[in-house]
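Read the structure below first, then the notes.
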Amino acid sequence: MTILWLGVVGYLLLTGLMFAFQRTLMYPAGQTLPEIEAVGLPGLSEVELTTKDGLLQRHWYVPARKPGAPTVVVFHGNAGQLADRVPKFSFFADAGYGVFFVGYRGYSGNEGSPTQSDLVEDAATVLNWMRDQGISPEKTVLYGESLGSGVAVQLAAEQQFAAVVLEAPFTSVADVAQAHYWYLPARWLILDQWNSLAKADMLRAPVLLIHGEQDAVTNVRFGRQLLDAIQAPKEGIFVPQAGHNDLYNFGLRERVTNFVAQTITVQ
């Protein structure tokens with residue numbers, strides 16, 4: 001009986017700790033922002049914006065070089081930061097597109113602590129700034145990587161953009177958490193649900209969804225379920241050998257670039 005009681009107490013303690021520290025696990029932020037010159041992308045500059053709650057945020061931006069070319073807004077994953085996403089997405093700039101690398105609060109040396117509502121609100125601030133610069137939603141492509149796919153879906157459900165690219169997305173963080181922590185009531189503990197599935201049928205822009213079938217972080221079944229729920233024009237690319245972070249090792253740059261080019265041409 002004592003062993004059973006200790007087991008119950010231990011389980012409750014573990015559950016409480018997971019609940020208390022969930023945002024630390026979900027948002028492993030705090031990286032310092034390196035010098036922008038160190039990443040070596042020509043034309044890249046820093047954009048400073050102030051959030052609604054008065055925090056200074058630094059983002060990186062390279063304008064489009066081709067007349068009429070779109071600007072791709074990159075929402076990186078939860079373990080990313082600005083500097084390590086520039087090499088990955090510089091192919092957009094090579095194609096003459098603009099690229100706006102969004103700096104999350106609490107990441108890349110920015111002030112604040114991330115929550116779902118704050119990240120979505122901060123992303124809206126970025127898009128408002130872009131409109132003020134003359135970059136219309138019709139020339140804006142949202143690119144969401146892993147956690148960033150949740151940001152992109154939330155925004156695209158509220159307004160139509162030129163296109164949306166979702167890399168290694170999920171149905172909801174609650175689904176992912178429950179899959180990983182199957183021995184806990186994880187689904188009911190999540191504060192930031194990031195329920196993309198609930199918003200999927202509200203998307204109107206063309207969607208490209210890419211996912212590795214060996215993804216051990218967000219299982220490919222979540223990507224397939226999300227794609228099935230999207231009613232907008234859509235395309236899914238599922239790479240048999242790819243995991244969560246190596247999709248671009250399998251020749252996707254040209255396919256993603258062509259998708260963006262085609263959606264802009266159609267408009």
Side-chain angles (χ1 to χ4, degrees), residues 31 33-52 55-77 80-105 107-110 119-145 148-149 151-152 154-156 158-167 205-208 210 248 252-267:
Q31 298 97 334
L33 183 63
E35 294 295 326
I36 196 167
E37 295 80 7
V39 300
L41 181 61
L44 187 66
S45 61
E46 187 173 88
V47 174
E48 292 187 349
L49 299 177
T50 302
T51 67
K52 280 195 171 182
L55 299 179
L56 178 67
Q57 288 187 335
R58 297 175 178 86
H59 313 274
W60 287 355
Y61 171 56
V62 55
R65 290 186 289 106
K66 293 182 178 179
T71 295
V72 181
V73 183
V74 175
F75 303 107
H76 64 69
Q81 61 160 318
L82 292 176
D84 56 32
R85 288 313 182 260
V86 172
K88 177 176 178 178
F89 295 111
S90 61
F91 71 94
F92 285 125
D94 294 339
Y97 302 162
V99 190
F100 195 107
F101 298 91
V102 177
Y104 299 155
R105 60 173 62 209
Y107 284 76
S108 303
N110 282 334
L119 290 186
V120 172
E121 186 64 49
D122 295 349
T125 299
V126 167
L127 296 174
N128 288 336
W129 179 87
M130 290 178 57
R131 281 193 291 270
D132 290 343
Q133 308 308 305
I135 305 170
S136 68
E138 292 77 18
K139 292 294 182 181
T140 301
V141 176
L142 304 186
Y143 191 112
E145 175 198 57
S149 71
V151 183
Q154 295 290 313
L155 295 169
E158 298 172 0
Q159 182 177 0
Q160 183 164 345
F161 296 91
V164 179
V165 182
L166 303 176
E167 177 187 338
V207 176
L208 174 64
I210 58 179
Y248 278 95
L252 290 184
R253 287 175 176 80
E254 184 177 358
R255 296 185 68 176
V256 174
T257 304
N258 288 342
F259 168 79
V260 172
Q262 290 167 4
T263 58
I264 297 297
T265 301
V266 168
Q267 294 184 18

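To the nearest 0.5 Å, the span separating CE on M130 from OG1 on T125 amounts to 13.0 Å. The CG atom of L155 lies 11.0 Å from the OG1 atom of T140; values are rounded to the nearest 0.5 Å. Taken from CG in L142 to CD in Q154, the straight-line distance is 12.0 Å, to the nearest 0.5 Å. A distance of 12.0 Å separates CG of L55 from CG of L49, quoted to the nearest 0.5 Å.
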Cut-off 3.5 Å, no hydrogens considered: what does the side-chain donor-acceptor table look like for residues 89-99, sequence neighbours left out?
from	atom 1	to	atom 2	distance (Å)
S90	OG	P87	O	3.2

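Considering V74, L82, V102, V73 as possible partners of H59, the one that fulfils the side chain to side chain contact (heavy atoms under 4.5 Å, CB included) test is V102. With respect to F101, the side chain to side chain contact (heavy atoms under 4.5 Å, CB included) criterion is satisfied by exactly one of V126, L41, V72: L41.
Residues I36 and S45 come closest through the heavy atom pair CD1-C, 3.4 Å. Nearest heavy atoms, Y107 versus G80: CD2-O, 3.2 Å. Contact record, P70 with A64: O-CB, 4.1 Å, taken as the closest heavy-atom pair. Here the closest non-hydrogen pair linking N110 and G103 is ND2-O, 3.3 Å. Across all non-hydrogen atoms, the minimal contact from V62 to P42 is CG2-O, 3.6 Å.
For the pair V47 and F100, the minimum side-chain heavy-atom distance is below 4.5 Å. W60 places a side-chain heavy atom less than 4.5 Å from the side chain of E46. Under the 4.5 Å side-chain criterion, counting only non-hydrogen atoms from C-beta, E121 is not in contact with T51. In this structure the side chain of R131 reaches within 4.5 angstrom of the side chain of P137, judged on heavy atoms. Counting heavy atoms from C-beta on, the side chains of H76 and K88 never come closer than 4.5 Å. A 4.5 Å side-chain heavy-atom check between L119 and R105 finds at least one atom pair inside the cut-off. The shortest side-chain heavy-atom distance between T71 and K139 does not fall under the 4.5 Å cut-off.
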*Residue pair D122, Y104: steps toward the side-chain contact (heavy atoms from CB on, under 4.5 Å) verdict*: CA-CA 8 Å; D122 295 349; Y104 299 155; over 6 Å; no
*When you look at L127 and F161, which way does the side-chain contact (heavy atoms from CB on, under 4.5 Å) test go after all the steps?*
CA-CA 11 Å; L127 296 174; F161 296 91; 3.7 Å; yes
*What do the steps show when you test Y248 against E167 for side-chain contact (heavy atoms from CB on, under 4.5 Å), and what is the final call?*
CA-CA 10 Å; Y248 278 95; E167 177 187 338; 3.7 Å; yes
*Take V256 and L208 through the test side-chain contact (heavy atoms from CB on, under 4.5 Å) and record every step on the way to the result.*
CA-CA 8 Å; V256 174; L208 174 64; 4.0 Å; yes
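Residue pairs meeting the salt bridge (Lys or Arg N to Asp or Glu O under 4.0 Å) criterion with at least one member in residues 64-77: none, sequence neighbours excluded.
The environment of E35 atom CD is sparse: at most 12 non-hydrogen atoms of other residues, nucleotides or ligands sit within 6.0 angstrom.
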